[in-house]
Amino acid sequence: MKLGIFQFAPIWGDKNTNLKKIEEKLSSQSNIDLWILPELCTTGYQFSSKDEIEELAEIFPLGESSKILLKLSSDIQSAIVIGVMERADDSFFNSAAVFDKGEFLGVYRKVHLFYEEKKWFSPGTETPPVFGINEVKVGVMICFDWIFPEMVRTLALQGAQIIAHPANLVLPYCQNAMITRSIENRVFTATGNRIGTEMIEGKQPLTFTGKSQVTDPCGKRLGNLSENEEDVLIVGINPEEALNKMITPYNDVLRDRHPSIYQL
Ligand code: ACM
């Protein structure tokens with residue numbers, strides 16, 4: 001299975017330009033099974049008013065961005081996991097939408113909101129989902145969900161072999177932490193992070209840390225990008241490796257748990 005990550009700096013508020021860039025970049029590669037793109041990468045990350053959110057958010061899969069992404073996933077015969085701003089009834093979510101070869105598979109609504117996201121978005125209330133893509137189980141979570149090990153564990157317990165992880169990381173810890181998430185669950189992880197500094201009037205500038213990466217079930221980095229350059233990372237993996245949960249001949253990292261003694 002071939003994974004592709006497109007790391008870039010979205011232009012704030014310019015969905016058309018961002019989607020065009022995504023279309024061009026993804027169409028320039030062939031035979032990628034699953035693309036992972038950054039969090040909120042059609043809109044930009046920081047907001048100053050509810051009006052901005054209302055203007056930029058869309059219903060998935062009915063909105064204009066969905067139509068473009070559905071067509072793109074059909075044209076390139078790939079799956080795409082992409083961070084988007086979603087409207088559902090009167091609520092707004094920081095979501096990841098999942099498309100596969102012209103089909104809309106669903107959304108994940110970010111549960112653990114970071115920093116000022118709490119001002120604008122409602123937290124998701126559902127268990128993070130696992131989607132079947134080319135017969136492989138792909139779990140989805142977004143950025144700051146990484147700091148809660150329960151999230152990857154919940155996905156792994158549902159059988160996820162790959163964690164697709166759109167991100168807009170600003171803290172320096174996640175790329176290393178995902179190595180541990182891989183080892184403790186024996187899964188692949190693919191973090192698609194953004195780059196650049198977003199300067200919004202009246203707000204603290206935020207610099208995003210890039211270094212998008214893929215890790216394997218032994219915690220090895222199979223590939224990673226730089227901290228500040230737009231780039232594509234393509235990594236071939238064998239997802240079956242994530243079906244073997246034995247870390248020694250005696251130890252299965254999922255079956256050896258003792259949930260009854262944990263304080264959750
Ligand atoms: C983050 O969750 N965007 C840090």
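Remember, it's 1-based here, ligands and their atoms both numbered in the order they're listed. The basis for the numbers below is simple: all heavy atoms, side chains too, and nothing from hydrogens, waters or symmetry mates. Given the structure is predicted, the values throughout are model-derived calculations rather than measurements. All residue numbers refer to positions in the sequence shown, counting from 1.
Remark: M178 CE to Q213 CD distance equals 7.5 Å, nearest 0.5 Å. To the nearest 0.5 Å, atoms CZ (R221) and NZ (K211) are separated by 8.0 Å.
Atom 3 (N) of ligand 1 has as its closest protein heavy atom E39 OE1, 2.9 Å. Of all protein heavy atoms, the one lying nearest to atom 1 (C) of ligand 1 is C143 SG, 2.9 Å. Among all protein heavy atoms, the one lying closest to atom 2 (O) of ligand 1 is K110 NZ, 2.6 Å.
When side chains are defined from C-beta on, L56 counts as touching F47, because their heavy atoms get closer than 4.5 Å.
N193 and T209 form a side-chain donor-acceptor contact under 3.5 Å, judged by distance and modelled atom types alone.
Remark: distances from the non-hydrogen atoms of Y45 to ligand 1 include one below 4.0 Å. For H112, the heavy-atom gap to ligand 1 stays at 4.0 angstrom or more.
Within ligand 1, the atoms closer than 4.0 Å to a non-hydrogen atom of E117 are 1 (C), 2 (O), 3 (N), numbered from 1 in the order shown. Remark: ligand 1 atoms within the under-4.0 Å shell around heavy atoms of N168 are 1 (C), 3 (N), 4 (C).
A parallel orientation is assigned to the rings of F8 and F6, their planes being inclined by less than 30° (bins at 30° and 60°).
Classification of K15 and E64 as a salt-bridged pair fails, no side-chain N sitting under 4.0 Å from a carboxylate O.
Only the side chain of F114 comes within 4.0 Å of ligand 1, judged by heavy-atom distances.
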